[in-house]
Protein chains: 4
Amino acid sequence: MSVTKESKARTKVPRAVREPQMLDAAVAVFAERGYHGASMDEIAAGAGVTKPMVYSYFGSKEDLYLACIDHAGTRLMEAVDEAGREERDPERQLWLRLLAFFRFVGEHRHEWRVLGREAAATGGPASEQVARARRRVVQLVGRQIELNARARGAEVVPGGEPEILAQAMVGAGESLADWWLDHPEETAEAMAGRLMNVLWMGLGDLVEGRLWSPAAEYS
Amino acid sequence: MSVTKESKARTKVPRAVREPQMLDAAVAVFAERGYHGASMDEIAAGAGVTKPMVYSYFGSKEDLYLACIDHAGTRLMEAVDEAGREERDPERQLWLRLLAFFRFVGEHRHEWRVLGREAAATGGPASEQVARARRRVVQLVGRQIELNARARGAEVVPGGEPEILAQAMVGAGESLADWWLDHPEETAEAMAGRLMNVLWMGLGDLVEGRLWSPAAEYS
Amino acid sequence: MSVTKESKARTKVPRAVREPQMLDAAVAVFAERGYHGASMDEIAAGAGVTKPMVYSYFGSKEDLYLACIDHAGTRLMEAVDEAGREERDPERQLWLRLLAFFRFVGEHRHEWRVLGREAAATGGPASEQVARARRRVVQLVGRQIELNARARGAEVVPGGEPEILAQAMVGAGESLADWWLDHPEETAEAMAGRLMNVLWMGLGDLVEGRLWSPAAEYS
Amino acid sequence: MSVTKESKARTKVPRAVREPQMLDAAVAVFAERGYHGASMDEIAAGAGVTKPMVYSYFGSKEDLYLACIDHAGTRLMEAVDEAGREERDPERQLWLRLLAFFRFVGEHRHEWRVLGREAAATGGPASEQVARARRRVVQLVGRQIELNARARGAEVVPGGEPEILAQAMVGAGESLADWWLDHPEETAEAMAGRLMNVLWMGLGDLVEGRLWSPAAEYS
DNA sequence: AATGAATGAGGTTTCATTCAT
DNA sequence: GATGAATGAAACCTCATTCAT
């Protein structure tokens, strides 16, 4: 008399399971289409639920977008933060974190995309949230730079506040990441190395043959 | 006695005048809202005409977008190209062009925006056009780097092909430009100087106090 | 106390009910205005729903049109086919089917209209579908003619392939049907009789006083 | 000093030349797209003039349409009328006029199309005009039938008023004409012969081998 | 006589959002 | 908790029609 269980197995999935599914689907769609181009229909379909479910969980399109920003920002911060936690040498710590950044970008393209500048074009109050999340990343990089400066004995970084340099660094990183997408034969290590070279040694040193290389200083 | 001219003079403006008006309005709206977020109604209103006029002149939203890309890309290229045409010293040429770039960005925020990465999210054949325009910019920067490397005696730039470095450089520039928008108290010279510092001397030099400065070398 | 049921009962009608409602409304509007002249607004209003519902059910105007063609074509075929299924005498079978055709036209003017030549003017892939549906009707008539010819001992119908004669027959039928619309005092039997006369006996016989009449042969 | 004449040769074309050009273009577009589907832009372009010219000549889209109907109707009437003017034998006269009809259709597909049933679907006051034009054709055919009946000694045509038979005849003719478009290997003579067979001899005679043939009776 | 420029109204289609079950 | 059904608003685009030159 009992019906087989699989006939209608889509009922009563706990929130803890449904929510991440939706977030993932939303991140993927937002990354691919942008905020305005994304449709709640596609997001719901991608998560395997119906639209009213999405609304019941996240309230509105904008709120869902904010949740995506939070989600992606937090995960990126965690990955980068954890990467150099044990390391005491600031230069090596920077390297480890740059590497973690590129690995994150490589493995979570979608997440990084929604943090990118494209997202800021929304215009509504979501722009603020995106800007805040991005600023957190930039600040983290800024602190790292400051640390390195202090380690070398400089009280402040000359030539610009650390945050400005960090801004440039993050932009360079994102740009390189984009280039990476079209050249998947490169490794995260190679990409991180390039960024380290550009920023750490400067073009000036590069053209005179002074190369920064992880192998030269760390086993 | 005479009314201000702008109040309601919307009759019979020749095409050569209307078209740039529309292009400007379109660039402004696309920059502010992104491709998907922009509405033809708003663009038309911004140009002081009705929608059908815009369609009669540009055919479709996508075609209008392409025209904007072309317009902005060409103007940027011209500005940067002309800046260093007379200069023979590659380093100073790079500086002049960086400066021209920032001046262009400062004076044509909208134009630069539509060339940014956001534009690539359209998905249609417009993405190709945007990518092409951006690649032209990157290639120009790449050639500049190569020139500088050769001037210093290096056959090739170590640490990565010039195009990759250019990619990072453009990204850093765009990121700095964004930061600039929130800090308008800075001058284009200061911004260009910062980018020059980051890229030319390298963080490594910066933290040891070696500063590149235009004032030091050029009167 | 109770209000009439039809006033505003627009909530939650299941798909199996709404779809035919929409089809009927669409057939009516397409018949009256033609494909280009019909507006989705009017169709939706006719079905008592809003436009998005129509799109959600049928996808696009052209798809809705195709569905109408299918619907009408199938119903006409069924009516005509069923009419003579039990009859063994070919002549009487033809008569029964002609009668069924006119009855269908009389009771479903709209359906017949959308199958008419007007439909072919769409230009898109819908024209193909309309042509196919019409061809099915013509083929059915053609087979009927062939049957009659064989029953009278003729191997082939002289004077033209059956399909061509069927083509003329269908055209004559449609034209008579149109005339009928302006002269509703006539019965379907009278109309079918006229067509039978024209086609069966030929003008040549008619002018010599040889009349075919159902009453003369069938009680 | 004098400019070459060809540079701007589109000024001052007399009305007697322009008007037929426009009518022809309009007939072509209306025939291909139907009333609603036709655009004044396409018509103007097809005539090689600008839209305001069309409006100055014909007033409105509907008026232009009416003019097309008139034009086509008149030309068809003239062609058919002239065909049998000298002929005294009614049967041969019918044959000559049927032939003229098919020749007209073959050579002026567009004109015939706008007289077809498709045109009646406009809904506005134009429908009346179309109906009137069509009725003129049907009446002409009707008179022809009556003439033939009288020639054979019948006072009235039994089995239906001549106009009804004419209606069927015209419908059959139009349908055959449509079929003809897909089978251009047939000649106008063959088509007219088929229609003559269907209508004159009747299926009843055909299936018994009694064929009407122009060669048998007329050289 | 002729036209480039311009528009208001209306077309199809999509989308975020909400009921009623 | 979950969903099919439904909608209002707004998007892109077209078209018949009219001025001003």
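Each chain gets a letter, A, B and so on, in the order its sequence line appears, and its residues count up from 1.
Annotated stems with DNA chain E as a participant read E:2-21 with F:2-21, given as range with range, by first number; only runs of 3 or more Watson-Crick or G-U pairs under 3.5 Å qualify.
Taking every heavy atom of residues 39-47 of chain B and every atom of DNA chain E, no pair lies under 4.0 Å.
The side chain of Tyr55(C) contributes no N or O atom lying less than 4.0 Å from OP1 or OP2 of dC15(E). A sub-4.0 Å separation between OP1 or OP2 of dA1(E) and a side-chain N or O of Arg18(D) is absent.
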Collect all protein-nucleotide pairs involving nucleotides 19-21 of chain E in which both atoms are nitrogen or oxygen and the distance is under 3.5 Å.
none

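For His110(B), the side chain to side chain donor-acceptor pair (under 3.5 Å) test picks out no residue, with sequence neighbours left out.
Comparing dT17(E), dA2(E), dA6(F) by their nearest atom to the side chain of Thr50(C) picks out dA6(F).
For Glu19(C) and dA5(F), the CD to P distance is 10 Å, given to the nearest whole Å.
At a cut-off of 3.5 angstrom, counting only N and O atoms as typed in the model, there is a donor on one side and an acceptor on the other between the side-chain of Lys51(C) and the base of dT13(E). Between the side chain of Lys61(A) and the base of dT17(E) there is no donor-acceptor pair of N/O atoms closer than 3.5 Å.
Among residue pairs with one or both ends in residues 42-60 of chain C, those qualifying as salt bridge (Lys or Arg N to Asp or Glu O under 4.0 Å) are Arg33(C)-Glu42(C), Asp41(C)-Lys51(C); sequence neighbours excluded.
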Scan the side chains in residues 67-74 of chain A for donor-acceptor partners under 3.5 Å anywhere in the protein, sequence neighbours excluded, and list what turns up.
unit_1   : atom_1 : unit_2    : atom_2 : d
Asp70(A) : OD1    : Gln129(A) : NE2    : 2.9
His71(A) : NE2    : Arg75(A)  : NH1    : 3.1
Thr74(A) : OG1    : Asp70(A)  : O      : 2.7

